[in-house]
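Okay, so here's the structure we're looking at.
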Amino acid sequence: MAANYKNKILVIFAHPALQRSKINIELRQAIKDTDGITFRDLYEIYPDFLIDVIEEQRLLVEHDIVVLQHPFYWYSCPAILKEWIDLVLEYGFAYGHEGTALMGKSLMTAITAGGSEDSYKEDGVHYYHVRDFLRTFERTAALCGMNYLPPFVVHHTSELMNPKDIAVYSDLYKRVIMSLMDLKDIDINTMNKFDYMNDFILDQFESWSV
Ligand SMILES: Cc1cc2nc3c(=O)[nH]c(=O)nc-3n(C[C@H](O)[C@H](O)[C@H](O)COP(=O)(O)O)c2cc1C
């Protein structure tokens, strides 16, 4: 791989009510027009849910890192993203004996959650950690031979009405995306020492600045 090679990033975005979004709309804005990123808003492209599987598969093949960005809905993703996963990651393409198209690529989830970080603990209202709820995405990536990166998570969205707080997360998200672009060898074990990509990136920036 050439020294100046940049990973190509495909962002698959799903929000069924973007006109009411406070957080995703800003995160989306922070990254969507960045060079080297292909940004796909599923509800905008497929208002009738008729997903163009061939086109989606073609895009997946062309990219190195796939980011699934969405609000956390019922501990999972909005419906159109599940439809996309069901149809696009098909047998013979994404998994199965000859389904090797995604092998070696990476997957990261970028979610916003109404619940606070503390609420996603054993003594909190959601009982399980966010990463426990995301196991289905983690295992889907594994079955496709992909590296599963720690998720980027924005918690407690109802408390984040302050534009300054939202701007901090938008900047961090942009940093995450830019860092993933520049990442040469993805050391999945080091990354996965961090529950969230947020913390991995902040740790990287701290160690670079000393
Ligand atoms: C249908 C629905 C289901 C939701 N399920 C969850 C959930 O399981 N866990 C959680 O923390 N927040 C949940 N929320 C809150 C959303 O995650 C939160 O409103 C969203 O991330 C805010 O982002 P936005 O401003 O871009 O819409 C849910 C909201 C809706 C409308």
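For the numbers below, each heavy atom of this structure counts, side chains included, while hydrogens, waters and symmetry mates do not. Counting starts at 1 for both ligands and their atoms, following the listed order. One-based numbering along the sequence shown.
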Quick one: nearest non-hydrogen protein atom to [atom], plus distance?
atom	value
atom 30 (C) of ligand 1	Tyr73 CE1, 3.5 Å
atom 15 (C) of ligand 1	Gly114 N, 3.8 Å
atom 26 (O) of ligand 1	Ser21 OG, 2.6 Å
atom 23 (O) of ligand 1	Thr112 OG1, 3.3 Å
atom 25 (O) of ligand 1	Lys22 N, 2.7 Å

Are Asp195 and His129 close enough that some pair of their side-chain heavy atoms sits under 4.5 Å apart?
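The answer is yes, as the side chains (C-beta and beyond) meet within the 4.5 Å cut-off.
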Close-contact set for ligand 1 against [X] heavy atoms, below 4.0 Å:
X	answer
Ala113	11 (O), 17 (O), 21 (O)
Asn24	23 (O), 24 (P), 26 (O)
Gly115	10 (C), 11 (O)

Tell me whether the centres of the aromatic rings in Phe152 and Tyr196 are closer together than 6.0 Å.
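Distance test on ring centres: not under 6.0 Å, no.
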Would you say the ring centers of His126 and Phe133 fall short of 6.0 Å from each other?
no
Any donor-acceptor N or O pair under 3.5 Å, side chains [X], [Y]:
X	Y	answer
Tyr120	His155	no
Gln69	Tyr173	yes
Arg131	Asn192	yes
Glu56	Tyr46	yes

Going by the closest heavy atom to atom 19 (O) of ligand 1, which one wins out of Thr157, Leu18, Ile166?
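It is Thr157 whose heavy atom sits nearest to atom 19 (O) of ligand 1.
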Select the closest option to atom 8 (O) of ligand 1 among Tyr120, Tyr75, Phe72, judged by heavy-atom distance.
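Checking each option, the heavy atom nearest atom 8 (O) of ligand 1 is found in Tyr75.
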Sub-3.5 Å N/O-N/O distance, [X] and ligand 1:
X	answer
His15	yes
Trp74	yes
Ile25	no
Pro71	no

Once you round to the nearest 0.5 Å, how far does CD1 of Ile80 lie from CG of Leu42?
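One finds 5.0 Å between CD1 of Ile80 and CG of Leu42.
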Is the positively charged end of Arg40 above the ring of Phe13, judged by distance under 6.0 angstrom from the centroid and angle within 45° of the axis?
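No - Arg40 does not lie over the ring of Phe13 by the 6.0 Å and 45° rule.
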Result of checking Leu68, Ile12, Leu102 against Leu107 for side chain to side chain contact (heavy atoms under 4.5 Å, CB included)
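Single pass found, and it is Leu68.
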Any non-hydrogen atom of Phe133 lying under 4.0 Å from ligand 1?
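Phe133: no contact with ligand 1 (<4.0 Å).
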